[in-house]
Trainee: 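Can you keep this structure in mind? I'll have questions shortly.
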Amino acid sequence: MNATLKISIAFLALILLSCSAEKKASKTFDRGQFQSTIELYEGVLKKDPNNAEANFYIAESYRQSNRLQEAVPYYKKALDRGMKNDSIRLFYAFALKSNGDYDQAKKELDQHLKLVKDEEYQKRGQEEYDNLNNLQQVRAKKNYYRVKNLDDINTPAAEYAPVYNDGELYFTSSRGDSKIYKATGTPFTNIYKVKTKGARIDTATIKELDELINNYNINEGAVTFSPDGKTMIFARGNSGKKKGTADVNLYISSNRRDGWTEPRMLNINNPGYWDSTPTFSRDGKTLYFASNRPGGYGGTDIYSAKRNSRGRFYKVTNLGSEINTTGNEMFPYISDDGFMYFSSDGHAGFGGLDLLVAKRRNGRIEIENLGEPMNTNADDFGMYLFKADRGFFTSNRVGGEGDDDIYTFVNEDPDLKIVNYYLQGVTMTRDDNDKHIILPRVEVKLLDHQGEVLDETVTEDDGKFLFRVYEHERYNLVGEKKGGKDRYLITRAQFTTVGKSVDRDTLKQLVTDVKYDTLLVLEKIEKNKIFVLENIYYDLDKSDIREDAASELDKLVTILEDNPELKIELSSHTDDRADDSYNMKLSQRRAKSAVDYIISQGISANRLTAKGYGESKLIIPNAKTEEEHQVNRRTEFKILEVGEKKPSTDDNNEFDEDRFFDDDDSGQ
């Protein structure tokens with residue numbers, strides 16, 4: 001065999017070997033085994049350093065295994081060697097940003113926006129370009145945070161998602177001898193706990209949760225506890241097996257005398273997608289979590305799910321575009337003052353995930369970046385407050401123990417004053433003697449002035465409800481009784497905090513709670529029952545609808561919209577300062593005017609009957625003053641028919657619990 005033929009065969013073998021390695025690497029990438037993908041493609045690069053595809057997939061593997069900073073040289077080499085697609089410059093810009101190279105990141109985004117064709121990548125590129133333009137403004141914001149690495153707990157492995165419960169700090173870590181997770185090349189993560197007083201850790205008490213919670217070859221992720229500590233919800237998934245759990249789901253366990261019960265998947269998971277980073281609201285009636293399920297705004301979005309009195313979850317809701325972006329939002333946390341802290345790489349920030357807070361002010365959600373030193377160009381996430389001015393968070397910033405580390409922080413703002421506003425009330429009805437009595441099991445919703453539902457609950461046997469409200473806002477309460485032998489009108493009541501704010505300058509303590517009281521009275525629906533409309537008055541000898549009367553008739557329009565099964569008689573009454581015949585005709589005209597107004601607001605005419613009674617039913621006989629005569633010139637409505645109630649779209653979300661829930665998420 002001549003030398004030329006030997007060289008050709010060797011060269012051909014090298015090509016075949018390279019193709020085989022690339023094919024194998026491609027398969028590992030498709031399976032999400034990113035560390036294995038990196039190692040295989042590194043082997044390709046040893047033989048062909050300029051291989052654009054190998055460089056690109058190494059960069060993508062670093063990005064998708066949360067090591068974006070290491071992706072920079074590989075994205076650059078892939079671009080230099082002619083790699084073209086709609087995502088490469090965008091993710092290269094994110095990688096540059098995660099290394100603090102903001103100017104170059106902006107240049108790459110500028111080029112990306114000139115070339116990109118995919119609408120999704122175009123939108124995200126524009127969003128990030130705008131974020132970089134706003135970075136100086138974010139950086140200029142003054143804050144008083146002081147941070148410190150919690151080195152008593154951190155190791156070269158990952159420690160993240162700290163949560164405090166009953167004197168113990170729970171966290172997730174890849175320390176230990178678990179099987180290696182091929183996506184990151186590190187051990188699978190498990191949940192640990194340690195006794196602590198604030199940030200003072202008793203390191204001798206660090207221990208893994210038992211095998212019922214932690215699996216040897218599956219990642220356990222972020223955890224949250226109900227306010228009473230009896231319910232634990234945590235993320236589990238990423239087995240890495242070809243036929244195993246390729247996604248991440250939320251699991252629930254209950255605390256019994258002999259420990260935690262066998263975890264079960266929540267019914268609100270979206271199989272095949274990523275559902276993780278859960279947190280309870282302060283009252284335990286809402287669960288917030290992150291998900292990449294279809295229908296969101298970008299990568300992972302933050303969602304909420306309601307929890308009923310039996311511990312079951314329902315009504316999964318995306319928190320909307322004020323919170324969620326084309327990027328990734330995750331790790332929500334609700335503080336005692338009602339603010340939502342979360343992490344995002346889609347809002348203006350320093351790079352990677354940044355810690356932000358969503359505050360409701362004057363009816364709007366405002367997003368604030370917590371600034372430096374809470375945020376860096378690395379990933380900063382998983383915040384938890386154990387006091388109003390101090391807590392924990394996670395970061396993989398430079399200077400830590402290794403991978404993700406847990407940090408403590410203190411907010412030393414001298415003007416920090418937290419005021420919590422609450423609206424507390426009782427749902428009631430009237431008994432046969434017209435006395436108020438408690439009406440339990442009423443669904444109560446809190447609406448903003450635009451009609452958006454802000455919160456909702458179902459009252460217990462005591463009829464009590466409690467909602468957080470905010471300064472300078474107007475609200476509506478809506479009460480609806482579902483089920484039972486008696487039927488009640490859906491009832492609304494207005495409430496405002498405008499002009500009711502506390503002067504913070506007068507407060508001495510760090511946290512102040514302010515509570516307002518109200519009643520929500522639901523009237524029983526009974527045929528021929530009469531209701532007097534307040535302030536539906538007419539000028540003497542006239543049937544025109546006055547402006548003040550129109551505003552009151554609008555309330556009746558709302559009642560009829562809320563209770564579409566009702567048909568009513570709307571009656572008008574006069575005073576006795578003219579003869580009977582004249583007053584009867586006048587009252588009929590007035591009743592018809594009122595009915596015509598209601599019809600003009602969209603209520604069907606076949607639900608309304610106009611009836612004039614003249615002076616035949618005086619409230620104040622022999623009236624003397626103009627005020628007394630005006631009381632007699634009143635308008636009433638009477639229920640004529642009560643049809644079958646048509647189910648609303650919300651009826652399928654709640655409260656026939658046994659019908660709409662097949663499993664018991666409470667673990668009880």
Side-chain angles (χ1 to χ4, degrees), residues 63-69 94-95 97-98 124 127-128 131 134-135 138-139 141 143 145 147 150 158-163 171-172 189 221-224 234-235 248 250 274-281 287-292 296-304 318-335 339-359 365-385 391-397 400 403-409 411:
R63 179 181 70 85
Q64 295 195 50
S65 58
N66 298 319
R67 293 174 283 176
L68 189 56
Q69 291 175 324
F94 276 107
K97 183 182 177 184
S98 72
R124 191 168 187 204
E127 192 174 74
E128 184 55 30
N131 287 341
N134 292 327
L135 184 57
V138 172
R139 179 165 271 163
K141 181 178 176 291
N143 67 68
Y145 288 108
V147 306
L150 192 60
E159 284 79 31
Y160 71 95
V163 174
F171 62 97
T172 304
T189 55
V223 62
T224 187
F234 64 96
V248 177
L250 296 173
W274 189 89
D275 297 299
S276 187
T277 68
T279 190
F280 273 108
S281 61
L287 181 74
Y288 297 88
F289 64 99
S291 177
N292 66 351
Y297 291 87
T300 58
D301 283 6
I302 297 176
Y303 290 78
S304 67
N318 188 295
L319 294 195
S321 59
E322 291 175 310
I323 301 292
N324 295 311
T325 68
T326 59
N328 298 287
E329 283 69 44
M330 58 184 73
F331 290 97
Y333 169 75
I334 310 300
S335 62
F339 298 150
M340 188 178 79
Y341 293 85
F342 65 103
S343 293
S344 170
D345 63 9
H347 290 276
F350 297 87
L353 293 170
D354 272 29
L355 290 162
L356 304 110
V357 59
K359 297 181 178 181
I365 300 296
E366 296 180 2
I367 307 297
E368 295 179 9
N369 188 296
L370 297 192
E372 299 168 309
M374 294 293 284
N375 289 315
T376 65
N377 56 288
D379 285 327
D380 305 290
F381 60 97
M383 184 166 169
Y384 185 91
L385 287 157
F392 306 102
F393 71 99
T394 309
S395 179
N396 62 356
R397 64 187 62 190
D403 201 330
D404 295 328
D405 278 1
I406 295 173
Y407 287 75
T408 63
F409 70 89
N411 185 355

Trainee: Let's go through D301 and L319 carefully: what are the C-alpha distance in whole Å and the side-chain angles of both, what is the deciding distance for side-chain contact (heavy atoms from CB on, under 4.5 Å) to 0.1 Å, and is it a yes or a no?
Mentor: CA-CA 8 Å; D301 283 6; L319 294 195; over 6 Å; no
Trainee: Roughly how far, to the nearest 0.5 Å, is the CE atom of M330 from the CD1 atom of I302?
Mentor: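 Interatomic distance, I302 CD1 to M330 CE, rounded to 0.5 Å: 8.5 Å.
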Trainee: Identify the two heavy atoms, one from T279 and one from T224, that lie closest to each other, and give their separation to 0.1 Å.
Mentor: CA-OG1, 3.4 Å
Trainee: Would you say the side-chain atoms of D275 and S291 include a donor-acceptor pair closer than 3.5 Å?
Mentor: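 Yes, S291 and D275 have a side-chain donor paired with an acceptor closer than 3.5 Å.
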Trainee: For the atom pair CD1 (I367) and CD (E329), what is the distance rounded to the nearest 0.5 Å?
Mentor: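 Separation between the atoms: 9.0 Å.
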Trainee: What pair of heavy atoms forms the shortest contact from S276 to V248, and how long is it?
Mentor: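 In this case the closest contact between S276 and V248 is CB-CG1, 4.0 Å.
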Trainee: Could you give me the CA-CA distance, side-chain angles and deciding distance for Y297 and T325, then say whether side-chain contact (heavy atoms from CB on, under 4.5 Å) is met?
Mentor: CA-CA 6 Å; Y297 291 87; T325 68; over 6 Å; no
Trainee: For the backbone of A348 and the side chain of N369, can you confirm whether one donor and one acceptor N or O come within less than 3.5 Å of each other?
Mentor: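 A pair under 3.5 Å: yes.
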Trainee: Any idea which heavy atoms bring P162 and Y384 closest together, and the distance?
Mentor: O-CB, 3.4 Å
Trainee: With side chain to side chain donor-acceptor pair (under 3.5 Å) as the test, would you mind laying out the steps for D380 and S395 before giving the verdict?
Mentor: CA-CA 4 Å; D380 305 290; S395 179; 2.6 Å; yes
Trainee: Minimum heavy-atom separation for N375 and L355, please, with both atom names.
Mentor: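 That closest heavy-atom pairing would be OD1-N, 2.6 Å.
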Trainee: Specify the closest pair of heavy atoms between P278 and A222, including all atoms of both residues, with the distance to one decimal.
Mentor: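 Result for this residue pair: CD-O, 3.7 Å.
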Trainee: Using a strict cut-off of less than 4.0 Å between a Lys/Arg side-chain nitrogen and an Asp/Glu carboxylate oxygen, indicate whether R67 and D403 qualify as a salt bridge.
Mentor: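 No.
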Trainee: Looking only at heavy atoms, what is the nearest atom pair of N143 and P373, with distance?
Mentor: OD1-CD, 4.0 Å
Trainee: Donor-acceptor pair, N131 side chain versus G346 backbone, under 3.5 Å?
Mentor: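 Looks like yes, one N/O pair under 3.5 Å.
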Trainee: With sequence neighbours left out, what residues match D379 under side chain to side chain contact (heavy atoms under 4.5 Å, CB included)?
Mentor: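 Once residues adjacent in sequence are excluded, the partners of D379 under the side chain to side chain contact (heavy atoms under 4.5 Å, CB included) criterion are L353, F381, N396.
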Trainee: Verify side-chain contact (heavy atoms from CB on, under 4.5 Å) between L150 and D405, making sure each step is shown before the conclusion.
Mentor: CA-CA 8 Å; L150 192 60; D405 278 1; over 6 Å; no
Trainee: I need the F350 CZ to E372 CD distance, nearest 0.5 Å.
Mentor: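 One finds 4.0 Å between CZ of F350 and CD of E372.
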Trainee: Let me confirm one number: the CG-CZ distance from L356 to F339, rounded to the nearest 0.5 Å.
Mentor: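 The CG atom of L356 sits 14.0 Å away from the CZ atom of F339.
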Trainee: Kindly write out the residues that satisfy side chain to side chain contact (heavy atoms under 4.5 Å, CB included) with L385, not counting sequence neighbours, or none if the list is empty.
Mentor: Y333, S335, Y341, M383, F409
Trainee: Would Y407 and R397 satisfy side-chain contact (heavy atoms from CB on, under 4.5 Å), going step by step from the backbone distance to the final call?
Mentor: CA-CA 10 Å; Y407 287 75; R397 64 187 62 190; 3.3 Å; yes
Trainee: Looking at S98, is its backbone amide N or carbonyl O close enough to the side chain of Q69 to form a donor-acceptor pair, meaning the two atoms are under 3.5 Å apart?
Mentor: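 The answer is yes, because a donor-acceptor pair under 3.5 Å joins these two groups.
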Trainee: Can you tell me how far the CD atom of E128 sits from the CG atom of D345, to the nearest 0.5 Å?
Mentor: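 One finds 7.5 Å between CD of E128 and CG of D345.
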Trainee: Find the distance between CZ (F392) and CZ (F171) and round it off to the nearest 0.5 Å.
Mentor: 11.0 Å
